[in-house]
Amino acid sequence: MTELLEATGIMLPAREDMAPGAVLLRGRALVLEADILSALASVTAAAPFRHMTTPGGYVMSAAMTNCGAAGWVTDRTGYRYAAVDPETGQPWPAMPESFRRLANEAAADAGYAGFMPDSCLINRYLPGARLSLHQDKDERDFTQPIVSVSLGLPATFQFGGRRRADPVARYPLRHGDIAVWGGPSRLFHHGVLAIKEGGHARLGRQRINLTFRAAL
DNA sequence: TAGTAGCG
DNA sequence: TCTG
């Protein structure tokens with residue numbers, strides 16, 4: 001089944017399977033776009049983007065912040081979820097209702113009813129920024145899926161397998177697309193290739209990704 | 001290995 | 001693009 005996406009004029013499947021339990025929902029975030037973008041501005045004003053350092057000592061090219069009860073952070077000590085923003089010592093901003101709703105409904109569309117995220121990691125990619133192949137494995141309950149919302153500049157998503165050496169497929173991600181993975185693919189490796197130079201009508205020269213998780 | 005560098 |  002395909003449908004015409006008006007913004008691009010390109011014929012794309014509305015729904016694309018990446019792996020068992022993993023699906024791409026094309027344009028799924030556009031229904032709540034205005035609410036999401038205004039909530040995003042509020043969150044990032046309260047908890048500004050910052051470049052975190054990995055345990056290996058490298059500064060990540062994507063800038064990050066969080067909202068919700070728990071925020072994903074990394075420093076030389078390791079990866080973890082933290083209740084407070086290490087930059088301010090204050091709790092992360094509350095997860096906006098529009099965020100929670102979008103994640104819950106997208107998860108349900110993908111076959112994961114009842115998803116209740118307590119964490120939203122917000123990544124900002126300027127052209128050149130990337131995220132190398134990794135697993136999301138810092139959460140407590142791997143029965144809960146991951147919901148990843150793409151906004152702004154397009155990106156190439158890499159989706160591999162349980163082992164890092166497993167073959168990796170590539171999927172173009174555009175503004176409004178939502179990737180959901182869980183079940184058999186919950187711990188599959190994934191990443192984002194370097195963002196190409198460009199500009200987006202509403203978000204400008206950046207890609208924003210919202211990653212929703214049940215972390216606690 | 002949520003990273004970069006370097007080779008062919 | 002691949003290896004590591």
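In this text the structure is predicted, and so the values were computed from the model without any measurement. All chains are named by letter (A, B, ...) in the order of the sequence lines, taking the proteins before the strands, and each is independently numbered beginning at 1.
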d(CZ, A:Arg76; C1', B:dG3) in whole Å: 13 Å
Between B:dG3 and B:dC7 - P atom distance, rounded Å: 23 Å
The single option from A:Ile208, A:Leu173, A:Val192, A:Leu210 passing side chain to side chain contact (heavy atoms under 4.5 Å, CB included) against A:Ser150: A:Leu173
Distance in angstrom units between A:Leu133 CG and C:dT3 P, rounded: 14 Å
Flag, side chain of A:Ser119 to backbone of A:Ala70, donor-acceptor distance under 3.5 Å: yes
Between P of B:dT4 and NE2 of A:His134, the distance in whole Å: 14 Å
Watson-Crick or G-U wobble partner of B:dG8, both distances under 3.5 Å: none
Under 3.5 Å: donor-acceptor pair, side chain of A:Arg80, backbone of A:Val73: no
N/O (side chain, A:Arg130) to phosphate O (OP1/OP2, B:dT4) under 4.0 Å: yes
side-chain N/O A:Ser132 vs B:dT1 OP1/OP2, d < 4.0 Å: no
A:Arg164 CZ - B:dT4 P separation (whole Å): 12 Å
Side chain of A:Arg170 (C-beta onward), nearest among C:dT1, B:dT4, B:dG3: C:dT1
d(NE2, A:His189; P, B:dT1) in whole Å: 12 Å
Approximate separation, where rounding is to 0.5 Å, of A:Ser98 OG and A:Leu32 CG: 6.5 Å
